[in-house]
Amino acid sequence: MRSATFLLECLLRAGMRDVITVEPATGGLAALAGIATRRDAPPVFVKAFTDSPADDAFVAEAEGLAALRELGGMATPEVILAGRELLVLSVLRPRPRSEAFWEQFAHALARLHMSTIHPRFGWHRDNWLGRRRQTNPWNDDGFAFFAQHRLLRWLGEPRVEAALDHADRAALERLCHRLPDLLPDRPACLTHGDLWAQNVLATSDGQPALIDPAVSYMWAEVDLAHVWSTSPPPEAQPFFEVYAELTCLDSDWRARMPIVQLRQHLAVLAQFDDDWGAGGQIRATLAPFRTRT
């Protein structure tokens, strides 16, 4: 219950004096989270850092939620408060365990990606992926942007340095050099940026809704790869077929997913003691690039 006490103290410091209790919530990895019951208002979802990585982490997250909603038409929770140590949101529902829900999500995500095409890659500010800063300088070249700011940027992280040997790091550099040969040249669009299944919830009427973004203008397949590679539930299988049809994906898209997902595997490796197999996935993807042949 330490987390509940900490969250309650944060809420009281923020001026939310009508909070009665806080029940811890599971699922989050970077911050503490809970559901706060209020005396004369609906409950709220609250998350906080015991040691915030920066003053702007929650402000950037709130801005990302607004961008997904206002620019891309995605449902997101209402932001009630966003400050240095605390983010307070309206409460969403768990997603339904149905294929129909995932088909709806495929339509919503395809609409987000196809309606927000942008001439450049990046974002107007840096934001956060978990507890690490995501750098987003504008770039006209998606391959250069992805290589420098989504892959190679992780090589300086202590856990990555410890887990990958010199041959692995050299292989990653070779892969980055060959990105134009390995991936299609796609335009930038607004992406969620951290789209594993746990970040897909539902509104009160059962529509797909998103939380915990790390937005930028990037390839749409960054989002697709994250859903594909992070053990989506069985009922999510129609999502991929519907999304591929709506966005006219070529038949080779599945083969590209390990390369695109390298960014997320590196981020996990950098931040958590248990990497949930990320290190092995990275080494398997880099294996063809370990020697010049």
Side-chain angles (χ1 to χ4, degrees), residues 30 53-74 76 79 82 87 108-157 160 172-173 175-196 199 210-227 229 247 249 253 256-257 259-271:
D55 291 347
D56 65 344
F58 286 140
V59 173
E61 182 175 336
E63 182 187 75
L65 291 170
L68 291 169
R69 181 175 61 253
E70 296 168 8
L71 301 178
M74 291 295 310
T76 63
V79 177
L87 180 66
L109 190 66
R111 181 172 62 250
L112 165 69
H113 290 158
M114 293 189 295
S115 67
T116 57
I117 301 299
H118 196 273
R120 307 188 76 190
F121 295 82
W123 192 240
H124 67 92
R125 63 176 293 167
D126 291 350
N127 45 29
W128 292 83
L129 183 63
R131 297 182 61 85
R132 295 295 186 275
R133 185 173 290 277
Q134 176 171 273
T135 57
N136 298 311
W138 293 112
N139 197 313
D140 296 327
D141 186 333
F143 299 112
F145 179 85
F146 188 69
Q148 186 64 39
H149 301 290
R150 297 296 182 263
L151 297 182
L152 297 175
R153 66 80 72 226
W154 297 105
L155 289 184
E157 294 284 345
V160 176
L172 181 61
E173 292 173 355
L175 180 148
C176 287
H177 182 71
R178 290 190 54 195
L179 281 175
D181 302 321
L182 300 169
L183 302 176
D185 189 4
R186 303 289 199 209
C189 66
L190 183 61
T191 55
H192 177 280
D194 194 11
L195 196 56
W196 67 312
N199 285 342
L210 299 182
I211 61 170
D212 291 353
V215 299
S216 66
Y217 287 110
M218 189 54 221
W219 297 318
E221 289 186 12
V222 167
D223 283 345
L224 181 65
H226 207 169
V227 182
S229 304
T247 57
L249 278 180
W253 69 266
R256 298 193 292 270
M257 295 295 96
I259 293 175
V260 180
Q261 186 63 2
L262 268 176
R263 170 260 194 169
Q264 197 66 24
H265 290 322
L266 287 162
V268 169
L269 188 62
Q271 298 187 64

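Just the heavy atoms: all of them, side chains too, but no hydrogens, waters or symmetry mates, feed the values below.
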*What residues form a ring pair (Phe, Tyr, Trp, His ring centres under 6.0 Å) with His177, not counting sequence neighbours?*
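Partners of His177 under the ring pair (Phe, Tyr, Trp, His ring centres under 6.0 Å) test: none.
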Which atoms form the tightest heavy-atom contact between [X] and [Y], and what is the distance?
| X | Y | answer |
| --- | --- | --- |
| Asp212 | His192 | O-CE1, 3.2 Å |
| Arg133 | Ala54 | NH2-CB, 3.9 Å |
| Gly72 | Leu112 | CA-CD1, 3.5 Å |
| Asp126 | Asn136 | OD1-N, 2.9 Å |
| Asp185 | Phe143 | CA-CZ, 3.8 Å |
| Arg111 | Gly73 | NH2-O, 4.0 Å |

Validation: residues 261-271 side-chain donor-acceptor distances under 3.5 Å, sequence neighbours left out:
unit_1, atom_1, unit_2, atom_2, d
Gln261, OE1, His226, N, 3.4
Arg263, NH1, Gly193, O, 2.5
Arg263, NH2, Gln134, OE1, 2.4
Arg263, NH2, Gly193, O, 3.2
Gln264, NE2, Asp194, OD1, 3.1
Gln271, OE1, Arg131, N, 2.7
Gln271, NE2, Leu129, O, 3.1
Gln271, NE2, Ala267, O, 3.4

_Less than 6.0 angstrom separating the ring centers of Tyr217 and Trp123, yes or no?_
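Distance test on ring centres: under 6.0 Å, yes.
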*Sole candidate of His118, Arg150, His149, His124 that passes side-chain contact (heavy atoms from CB on, under 4.5 Å) when paired with Ser216*: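 Between Ser216 and the candidates, side-chain contact (heavy atoms from CB on, under 4.5 Å) is satisfied uniquely by Arg150.
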*Does a side-chain heavy-atom distance below 4.5 Å link Trp128 with Phe58?*
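No, too far: nothing below the 4.5 Å cut-off.
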*asked:* Less than 4.5 Å apart, side chain to side chain, heavy atoms only: is that true for Leu224 and Thr247?
replied: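 Leu224 vs Thr247: side chains apart.
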*salt bridge (charged side-chain N to carboxylate O under 4.0 Å, His left out) with Glu63: which residues, sequence neighbours excluded?*
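None.
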